[in-house]
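Letters go in sequence order (proteins before strands), and every chain restarts at 1. If you're wondering where the values come from, they're calculated on a predicted model, not measured in any experiment. The figures here come from the full heavy-atom set of this structure, side chains too, leaving out hydrogens, waters and symmetry mates.
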2 protein chains.
Amino acid sequence: MATHGARGRSGGRPTLEEVAARAGVGRGTVSRVINGSPRVSDATRAAVEAAVAELGYVPNTAARALAANRTDAIALVVPEPETRFFAEPYFSDMLKGVGAALADTEMQLLLIFAGNERERARLAQYLAAHRVDGVLLVSVHADDPLPDLLAQLEIPAVISGPRSSAETLPSVDSDNYGGARQAVEHLLSRGRTRVAHITGRLDVYGAQRRVDGYREAMSDAGHGVDEGLIEAGDFTEEGGYRAMVALLERHSDIDAVFAASDVTAAGARRALLDAGRRIPQDVALVGYDDSAIARHMEPPLTSVRQPIEEMGRRMIDLLLTEVADRRPLASRGLERRQMVLATELVSRSSS
Amino acid sequence: MATHGARGRSGGRPTLEEVAARAGVGRGTVSRVINGSPRVSDATRAAVEAAVAELGYVPNTAARALAANRTDAIALVVPEPETRFFAEPYFSDMLKGVGAALADTEMQLLLIFAGNERERARLAQYLAAHRVDGVLLVSVHADDPLPDLLAQLEIPAVISGPRSSAETLPSVDSDNYGGARQAVEHLLSRGRTRVAHITGRLDVYGAQRRVDGYREAMSDAGHGVDEGLIEAGDFTEEGGYRAMVALLERHSDIDAVFAASDVTAAGARRALLDAGRRIPQDVALVGYDDSAIARHMEPPLTSVRQPIEEMGRRMIDLLLTEVADRRPLASRGLERRQMVLATELVSRSSS
DNA sequence: ATCACCGGTGGGAGCGCTCCCACACTACCT
DNA sequence: AGGTAGTGTGGGAGCGCTCCCACCGGTGAT
C-alpha cells in the first residue's frame, strides 16, 4: 500500500495507457473497465483490475472532465446573507447529510459563497464555465436571480426550501406547516389558550407556512385567530425581543408563545423575563429548529426539529437524478421532485 | 450581459481559439493575456480583452488543469470525529475566513469529509490523484496519518492547531497558552483564589497549552499549583459535568473554574448547580471559544475568544504561498510559517 | 456454404488549454 | 555592414482521458 510498482517515466502518476500496456489490452478497454461498462469479458476485466491495483492507478479527473464534458462535482451555494447563517446547526447538519450521501458517489462537493456582489459575480463565472454538474441551493430568497440564472444555463439545481408554492425547481423542505401545527397543538394541549406567534421573515416561504400552521391550528381548536396575537419577527434575537415587547403591550394575557426560530425564542425569552413573566409558569415558550441554543437555554426550550440531515441527503439524491437525466428544466415528473419531510416536536421544560 | 455574440458551432461556450480568431491574434497570445503575462503589447492586450468580453469567454478549467497540471482548487479536510464537530462556531467562523480569503483568488474550495474509514480511503484516492493543489487541515489528532500522507505525496498543507511543539507543517493557531492565562488572571483579579481547571482532551496540543497557561498563571500569582485543582475533561458537556463533580468532591472550597471549552463549562455549570453552588456568587466560571452557548447560558458565560475567522484567512494565505512556492516540505523558512494569533477575553456575568 | 449479426476489442481523433520553440522585427552594439 | 540581443508573437505538441468507428471472430439464420 505504500510504494507502488513500476511507474511511468519521471515518477508521474500512471496513466490509462500504462495500465493498458501492463494488462496487455488497449486503452479503450481499460476505460471501459474503469467506467464499469458491461461490454468487457470477465477475464479481461480481471486483468485490467489487477494492473490498476498494481500500478495504483487513479484516473486523472481533469482529463476526464475535458474529454467527457462533465466535472463530477456539484456546488453547494451559500448565499450567507448578512448574518453568520451557517453557524446555525441548520447548515452543519445539512452539510452532514450532504456529505453522507456524497460519500457513496464519485462526486465532489464545492463550497461556494455568494454573500456579496463580488462573490456573486464570481459565482456567475463559475456557472457560466460549467465547472459543476449541479447546484445545491440553500436558503434562497424569493427575489434571488440565481435560480433563473441556473435555469438559463441549464444547470441542474435543487433548492432547499421552495421560494413559493409555485416553485419550479426540484426542492426538499421540511413540513413547516405541520411543524407549526405541532407546536401550537402542543401548547393548546397543555391548557394554554392565549397563544401568540412571532413569525420569521415573511419573505421566506417557510416562515409563511409556519404562520399558516399557527392560524389553522388555532382556528381548528375553536380559538378564533386573533391577528393581534401575531407579530412579525425576522429570525433574529433582537427581532424576537421587539416582537415580544409589542405583543405584551397589546395583550398582557398571553400565556404561550410560538416563535418561528430558537433564536427568536431567545429574544422573546429575554423580553418575557424583563416583563417579570416566568417561563413556563406564566408563559410557555416553543421555538423552532432545535438548535444548540434550545438545549442550553434556561429553561431548556421546547422546539420543533427538522430532519435536516435527512434533507441534505435527499437533496443530493434529487440532484444526482437530475444530473443523470440531464434534462434540467423541461423534464417531466416535477410532481415527484418536490419533497416535504416531517418534523418532530422536542419537548423540554419551557412549555 | 444576457446574450452573447457569435459562438462556436452548436452553441458551446467559446474557446481560446475562437477568441484568438476574433481578436486576430494567435492562441498563445490570448493565453498570455488571460494569464496576465507581461509579454504582450498594450494594443494586443486591449484587442484580446475586447474579444473576451464580446464572446463572454470563460476559460475551461478542466483543459487548463490538464495542460498545466494544477487544479486551482484546495481542499478543506474535515476529520469530523465522533461528534458534530462543525456545528461549533469554530468551524463556521473558520469557513467564513477561508471563504473571504479565497474570494480574492481563483481558487475554489473543496469540502472533504474524512470521518470514517471509507471516507478516508476516498480521501487518499483524491490526494493520490492530485485533485487539489493544497490542503487545509483542521482539528487533526496527534496520531493522524494524514499529514504524513500529504508530505509523502508532496502536497502543500497547512494545519490549524499544531499537533505538538515539534509540528513540521505550517500552522496557524490561536494563543492557547496566553488565552488560558487571560482567563485565570481574570479570575484571580476578581479576588478568586481557589481556581480549578477542567482540561480538554489532552491528546490535543492546544488543550495541553491551556493547562500550561493555567499552571503558570497560578504560580506566577503566588498561588502554588495544586494538582488536585486540575481535572481532565474531553471537551464534552458530559466530561465537564463529571470533572466538576470530581473536583467538588476533592475540594469543596473551589471558588472559580476555568473550563477548556464552553461546552465543558456548560457541563460544569450543571454540576455546580446540582451541588447548590451559585454562579458567580459562590463559584465563578470561565469558558473557552466564546461560542453561541456562552451568550445564551444562564448566567451568560465569560469566555476566551479566538480570532477564528482571522485564522481561516491566515491559513489560506499560508497555503497559497506554499502552493505558489511548490516547495512543500524542504522549503526553508518554516520559522515564519507557524503563526500564533492573540485571544481576547469576553467578560460576562458568570465571573 | 453464405451472410448478417453481435459481443468484445483496439486505437484514432479530439476535448481546450499551456508550454515552449521558432520566427519575425527592432534596436543597439562593434 | 554584420552581428547580438531582446521583444512580441504564432502555432505545434501534448496533457490523459472518452467517444466512436472499425475490426475480428464466432454464432445462428438462410
Student: Residues two or more places apart in sequence or in another chain: which of them pass side chain to side chain donor-acceptor pair (under 3.5 Å) with Thr15(B)?
Tutor: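 In terms of side chain to side chain donor-acceptor pair (under 3.5 Å), with neighbours along the sequence ignored, Thr15(B) is linked to no residue.
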Student: If the condition is side chain to side chain contact (heavy atoms under 4.5 Å, CB included), which residues does Ala23(B) pass it with, not counting sequence neighbours?
Tutor: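 Result, side chain to side chain contact (heavy atoms under 4.5 Å, CB included) vs Ala23(B): Val25(B), Val48(B), Ala51(B).
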Student: For Asp72(B), what residues pass the salt bridge (Lys or Arg N to Asp or Glu O under 4.0 Å) criterion, not counting sequence neighbours?
Tutor: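 For Asp72(B) the salt bridge (Lys or Arg N to Asp or Glu O under 4.0 Å) partners, ignoring immediate neighbours, are Arg70(B).
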Student: Any side-chain N or O of Thr29(B) below 4.0 angstrom from OP1/OP2 of dT9(D)?
Tutor: no
Student: Report the distance from atom CG of Asn60(B) to atom P of dC17(D), rounded to the nearest whole Å.
Tutor: 17 Å
Student: Which of residues 40-47 of chain A sit near DNA chain D, with a heavy atom under 4.0 Å from it?
Tutor: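 By residue number: none to list.
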Student: Tell me the bend of the helix from dA1(C)-dT30(D) to dT30(C)-dA1(D) as the angle between end helix axes, each from five pairs, rounded to the nearest 10 degrees.
Tutor: 50°
Student: With sequence neighbours excluded, tell me which residues meet salt bridge (Lys or Arg N to Asp or Glu O under 4.0 Å) with Arg163(A).
Tutor: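 Arg163(A) satisfies salt bridge (Lys or Arg N to Asp or Glu O under 4.0 Å) with Glu167(A) once adjacent residues are dropped.
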Student: Rounded to the nearest 0.5 Å, how far does CD of Glu322(A) lie from CG of Asp133(A)?
Tutor: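 One gets 12.5 Å once the value is rounded to the nearest 0.5 Å.
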Student: Expressed in angstrom and rounded to an integer, what is the separation of Glu18(A) atom CD from dG16(D) atom P?
Tutor: 8 Å
Student: Can you list the residues that meet the side chain to side chain donor-acceptor pair (under 3.5 Å) rule with Ser41(B), with sequence neighbours excluded?
Tutor: Thr44(B)
Student: Mind checking what makes side chain to side chain contact (heavy atoms under 4.5 Å, CB included) contact with Thr61(B), not counting sequence neighbours?
Tutor: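 Only Arg131(A) meet the side chain to side chain contact (heavy atoms under 4.5 Å, CB included) criterion with Thr61(B).
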Student: Can you build the contact string for nucleotides 18-27 of chain C? Use B for base contact, S for sugar-phosphate-only contact, and - for no protein heavy atom under 4.0 Å.
Tutor: B-B-------
Student: My understanding is that only residues two or more places apart in sequence, or in another chain, count here; which of them pass side chain to side chain contact (heavy atoms under 4.5 Å, CB included) with Ala62(B)?
Tutor: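 Testing Ala62(B) for side chain to side chain contact (heavy atoms under 4.5 Å, CB included), a comparison that skips the adjacent residues, returns Ala65(A), Leu66(A), Asn60(B).
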Student: Tell me which donor-acceptor pairs under 3.5 Å the side chains of residues 311-320 of chain B have, and how far apart each pair is, sequence neighbours excluded?
Tutor:
{"from": "Arg314(B)", "atom 1": "NE", "to": "Glu310(B)", "atom 2": "OE2", "distance (Å)": "2.7"}
{"from": "Arg314(B)", "atom 1": "NH2", "to": "Glu310(B)", "atom 2": "OE2", "distance (Å)": "3.2"}

Student: Could you tell me the separation between the CD atom of Glu17(A) and the C1' atom of dG10(C), rounded to a whole number of Å?
Tutor: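 Nearest whole value for this atom pair: 11 Å.
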Student: Is His130(B) close to Thr71(B) at the side-chain level, that is, under 4.5 Å between some pair of heavy atoms?
Tutor: no
Student: Please output the side-chain donor-acceptor pairs of residues 120-127 of chain A that fall under 3.5 Å, not counting sequence neighbours, one pair per line with the distance.
Tutor:
{"from": "Arg120(A)", "atom 1": "NH1", "to": "Ala114(A)", "atom 2": "O", "distance (Å)": "3.3"}
{"from": "Arg120(A)", "atom 1": "NH2", "to": "Asp144(A)", "atom 2": "OD1", "distance (Å)": "2.6"}
{"from": "Arg120(A)", "atom 1": "NH2", "to": "Asp144(A)", "atom 2": "OD2", "distance (Å)": "2.8"}
{"from": "Arg122(A)", "atom 1": "NE", "to": "Thr105(B)", "atom 2": "O", "distance (Å)": "3.1"}
{"from": "Arg122(A)", "atom 1": "NH2", "to": "Thr105(B)", "atom 2": "O", "distance (Å)": "3.0"}
{"from": "Arg122(A)", "atom 1": "NH2", "to": "Met107(B)", "atom 2": "O", "distance (Å)": "2.7"}
{"from": "Tyr126(A)", "atom 1": "OH", "to": "Gln108(B)", "atom 2": "OE1", "distance (Å)": "3.0"}

Student: In whole Å, I'd like the distance from the CZ atom of Arg39(A) to the P atom of dG10(C).
Tutor: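 Rounded to the whole Å, the gap is 15 Å.
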Student: To the nearest angstrom, how far is Asp72(B) atom CG from dC17(C) atom P?
Tutor: 13 Å
